[in-house]
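Here is the structure we will look at.
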Amino acid sequence: MTAVPSVSNSITVRLEVPARGNAVSQITTSVESAGGTVTGLDVTASGMESLRIDVTIAAVSVAHAEEIVEKLRTIEGISIGKVSDRTFLMHLGGKIEMSSKLPIRNRDDLSMIYTPGVARVCMAIAENPEDARRLTIKRNSVAVVTDGSAVLGLGNIGPKAALPVMEGKAALFKRFAGIDAWPLCLDTQDTDEIVAIVKAIAPGFAGINLEDISAPRCFEIEARLREALDIPVFHDDQHGTAIVVLAALMNALEVVGKHIGDVRVVMSGAGAAGTAILRLLMAAGVRHATVADVKGVVHLGRDDLNESLRWIAENTNRSNRTGSLKEAVRGADVFIGVSAPNVLDGEDIAAMAEDAIVFALANPDPEVDPAVARQTAAVVATGRSDFPNQINNVLVFPGVFRGLLDAQSRTVNTEMMLAASRALAATVGAEERNANYIIPSVFHADVAKTVAAAVREAAVAAGTAQVTTGSTGETGSFPHLQD
């Protein structure tokens, strides 16, 4: 797949150019001839003899950006000043901050926000711990917890290197659902220690979002925390991905006129995301599924099955297929990949069933070139933003947690996740649904609130909610306080 210039690899180059002549056109031509894209050109200072110009350029990679800068150096009469990486500039000093919701203007404010007035609130909570949800930030707070062991596609890069991702996650919680999320990067990869730490910090939060923790440890950590805590624990790499995939599949099946219980699904990837996707698809009605990992199709005859793979082998692959992914995908209605780049080619997709659906979700390079897959598949989705139908967890986790927090739910279960998938799918109306639009944009105005409402209703129906009325799920032992 040919890489294209992206804003994530964009730079701004400060140039001094002659005031007369064709320097500006030379700059543009030079960038484009080097494979870059000029996305902005601003004159920041002007004189009789020279201009200072800031040129913003999208490149394919860091190395490509450096090549473009060197190409600019060859233009006669132009001098290069500062070169800024726009992505790094956005991360300088971090992307989030804590701010007070109330002004502290005078002694009265200080006396009520802090001592001595705050002591009365502390004692009220000591007498009735449930009032912590009403009288503190707990009711709207989520801990974003990682150990840095499986960050994006970067692998085990550790807690400090994971922090930019967790900050970004916290920023998205606030932007799309108004939730105060806090990045907690733990300097341990010991399962027992992680469970103990999260249990210890849980009183200050209304939900736990586990993030970028490697499999199979993530399964045990999540299960133990769900058992131990009275607040929802959600592993976004697993369940967020699964919810979006199911929503997209629901709409894709509508486009091609097939039923979820009839289609044969082949999956590539049996890790955290793959297993969660499989479980949710089966809960939604998928009956014919086959899973492959790096060693081929998962089946009961393999001698390398851990607990997770054994569950897959026992619950899928009814015909007991063996062999490779390429063999398994022949004749399949649906391919879902959460694995590695370029494991399939155009011939493999052409060998699928008529009106095939292909979700190639490995990032940044999918399991099959989307442009090639689109030549024979009816519907194609990826994890990328430069192709139609982007499968992106941002569509889910803000709304899911908004619904959980509003319901003051004690847990998150399969029914809530199914409700989230149905709600997300429904944001794409029948009149607008087509092969290139099976899932909405992350900036769709209705996504977070629609998903939140569905999750809240499912929590109430499941009996896990601590409130059943009101828009923000507030309770407490202070009837004289009005919200």
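- Asn156 is linked by a side-chain hydrogen bond (donor to acceptor under 3.5 Å, both in side chains) to Gln189, counting only residues two or more places apart in sequence or in another chain.
- Counting only residues at least two apart or on different chains, no salt bridge (Lys or Arg N to Asp or Glu O under 4.0 Å) pair has a member in residues 240-249.
- A side-chain donor-acceptor contact under 3.5 Å links Asn434 to the backbone of Glu432.
- Contacts classified as ring-ring contact (aromatic ring centres under 6.0 Å, His included) and involving residues 235-291 (residues at least two apart or in different chains) are given here: Phe234-His239.
- The salt bridge (Lys or Arg N to Asp or Glu O under 4.0 Å) check on Asp446 picks up Lys449, with sequence neighbours excluded.
- Taking Asp85 as the reference, nothing meets the side-chain hydrogen bond (donor to acceptor under 3.5 Å, both in side chains) condition, with sequence neighbours excluded.
- Between the side chains of Thr316 and Thr290, no donor-acceptor pair is found at a separation under 3.5 Å.
- Considering only residues two or more places apart in sequence or on other chains, Asp192 meets the side-chain hydrogen bond (donor to acceptor under 3.5 Å, both in side chains) condition with Arg224.
- Rounding to the nearest 0.5 Å gives a distance of 10.0 Å between CD of Glu367 and OG1 of Thr382.
- With sequence neighbours excluded, the residues that form a side-chain hydrogen bond (donor to acceptor under 3.5 Å, both in side chains) with Ser268 are Ser339.
- To the nearest 0.5 Å, the span separating CZ on Arg279 from CD1 on Ile312 amounts to 8.0 Å.
- Remark: Arg422 engages no residue in a salt bridge (Lys or Arg N to Asp or Glu O under 4.0 Å) (not counting sequence neighbours).
- Defined by atom type and a distance below 3.5 Å, a donor-acceptor pair is present between the side-chain atoms of Arg402 and Asn140.
- The closest donor-acceptor contact from the side chain of Asn106 to the backbone of Asp109 lies under 3.5 Å.
- Annotation: salt bridge (Lys or Arg N to Asp or Glu O under 4.0 Å) contacts of Asp237 (sequence neighbours excluded): none.
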Check: Given the rule in the side chain to side chain contact (heavy atoms under 4.5 Å, CB included) test, do Leu405 and Arg139 qualify, once you have shown the distances and angles that lead to the verdict?
Finding: CA-CA 7 Å; Leu405 267 57; Arg139 73 176 183 183; over 6 Å; no
Next item on the list: Evaluate side chain to side chain donor-acceptor pair (under 3.5 Å) for Ser8 paired with Thr87, printing each intermediate quantity in order.
Entry: CA-CA 6 Å; Ser8 63; Thr87 297; 5.8 Å; no
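- Remark: the backbone N or O of Ala378 is not paired with any side-chain donor or acceptor of Asp355 at under 3.5 angstrom.
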Next item on the list: Determine, stepwise, if the pair Val266 / Arg264 fulfils side chain to side chain contact (heavy atoms under 4.5 Å, CB included).
Entry: CA-CA 7 Å; Val266 173; Arg264 184 163 75 86; 3.6 Å; yes
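- Heavy-atom contacts from other residues, nucleotides or ligands closer than 6.0 Å to CG of Asp386 number more than 12.
- Not a single donor-acceptor pair under 3.5 Å links the side chain of Asp54 to the backbone N or O of Asp42.
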Next item on the list: Determine, stepwise, if the pair Arg374 / Asn436 fulfils side chain to side chain contact (heavy atoms under 4.5 Å, CB included).
Entry: CA-CA 10 Å; Arg374 286 165 65 87; Asn436 291 314; 3.0 Å; yes
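- Not a single donor-acceptor pair under 3.5 Å links the side chain of Gln390 to the backbone N or O of Ser441.
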Next item on the list: Under the side chain to side chain contact (heavy atoms under 4.5 Å, CB included) rule, what do Leu249 and Leu253 come out as? Steps first, then yes or no, please.
Entry: CA-CA 6 Å; Leu249 182 60; Leu253 290 172; 3.9 Å; yes
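- For the pair Phe443/Arg175, a side-chain contact is recorded, criterion being any heavy-atom separation below 4.5 Å from C-beta on.
- The nearest pair of heavy atoms linking Ser421 to Ala242 is OG-O, 4.5 Å.
- Applying the side-chain contact (heavy atoms from CB on, under 4.5 Å) rule to Thr414 yields the partners Leu280, Ala283, Met417, Leu418; only residues at least two apart in sequence or on another chain are considered.
- No side-chain donor-acceptor contact under 3.5 Å links Arg86 to the backbone of Ala58.
- Separation of atoms OG1 (Thr275) and CH2 (Trp311) is listed at 7.5 Å; rounding is to 0.5 Å.
- Side-chain contact check for Thr241 and Asn393: at least one donor-acceptor pair (N or O, by modelled atom type) lies under 3.5 Å.
- The minimum heavy-atom distance linking Pro366 with Ala360 is given by the pair CB-O, 3.5 Å.
- There is a side-chain donor-acceptor pair under 3.5 Å between Ser409 and Thr464.
- At a threshold of 4.5 Å between non-hydrogen side-chain atoms, the residues Ile349 and Val380 do not count as touching.
- Looking at Ser214, its side chain never comes within 3.5 Å of a backbone N or O of Ser149 through a donor-acceptor pair.
- Under the 3.5 Å distance criterion, the side-chain polar atoms of Arg226 are matched with a main-chain donor or acceptor of Val233.
- No more than 12 heavy atoms of other residues, nucleotides or ligands sit less than 6.0 Å from atom CD of Glu227.
- With a 4.5 Å cut-off on side-chain heavy atoms, Pro440 and Leu395 count as touching.
- Proximity of a side-chain donor or acceptor of Asn389 to a complementary backbone N or O of Ile438 within less than 3.5 Å is detected.
- The closest donor-acceptor contact from the side chain of Gln466 to the backbone of Gln408 lies under 3.5 Å.
- Of all non-hydrogen atoms in Gly240 and Val396, the two that sit nearest each other are O-CG2, 4.0 Å.
- Shortest non-hydrogen contact noted between Val455 and Val400 is CG1-O, 3.7 Å.
- Residues Met416 and Ala462 approach most closely at CE-CB, 4.5 Å, considering heavy atoms.
- In this structure, the separation between CG on Leu361 and CD1 on Ile277 is 6.5 Å, given to the nearest 0.5 Å.
- Side-chain contact check for Thr188 and Asp190: no donor-acceptor pair (N or O, by modelled atom type) lies under 3.5 Å.
- Distance check: Leu246 CG to Asn251 CG gives 10.0 Å after rounding to the nearest 0.5 Å.
- Looking at heavy atoms from C-beta onward, Trp182 lies in side-chain contact with Ile137 at the 4.5 angstrom threshold.
- Atom-to-atom distance recorded for Glu222:CD and Ile208:CD1 is 12.0 Å, nearest 0.5 angstrom.
- Annotation for Ala272 and Phe219: closest pair CA-CZ, 3.6 Å, computed over non-hydrogen atoms.
- For Asp333, the salt bridge (Lys or Arg N to Asp or Glu O under 4.0 Å) partners two or more places apart in sequence, or in a different chain, are Lys258.
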For residues 162-173, please give each side-chain donor-acceptor pair under 3.5 Å, one per line with the distance, not counting sequence neighbours.
from	atom 1	to	atom 2	distance (Å)
Glu167	OE1	Lys95	N	3.0
Glu167	OE1	Lys95	NZ	3.2
Lys169	NZ	Glu211	OE1	3.2
Lys169	NZ	Glu211	OE2	3.1
Lys169	NZ	Asp236	OD2	2.3

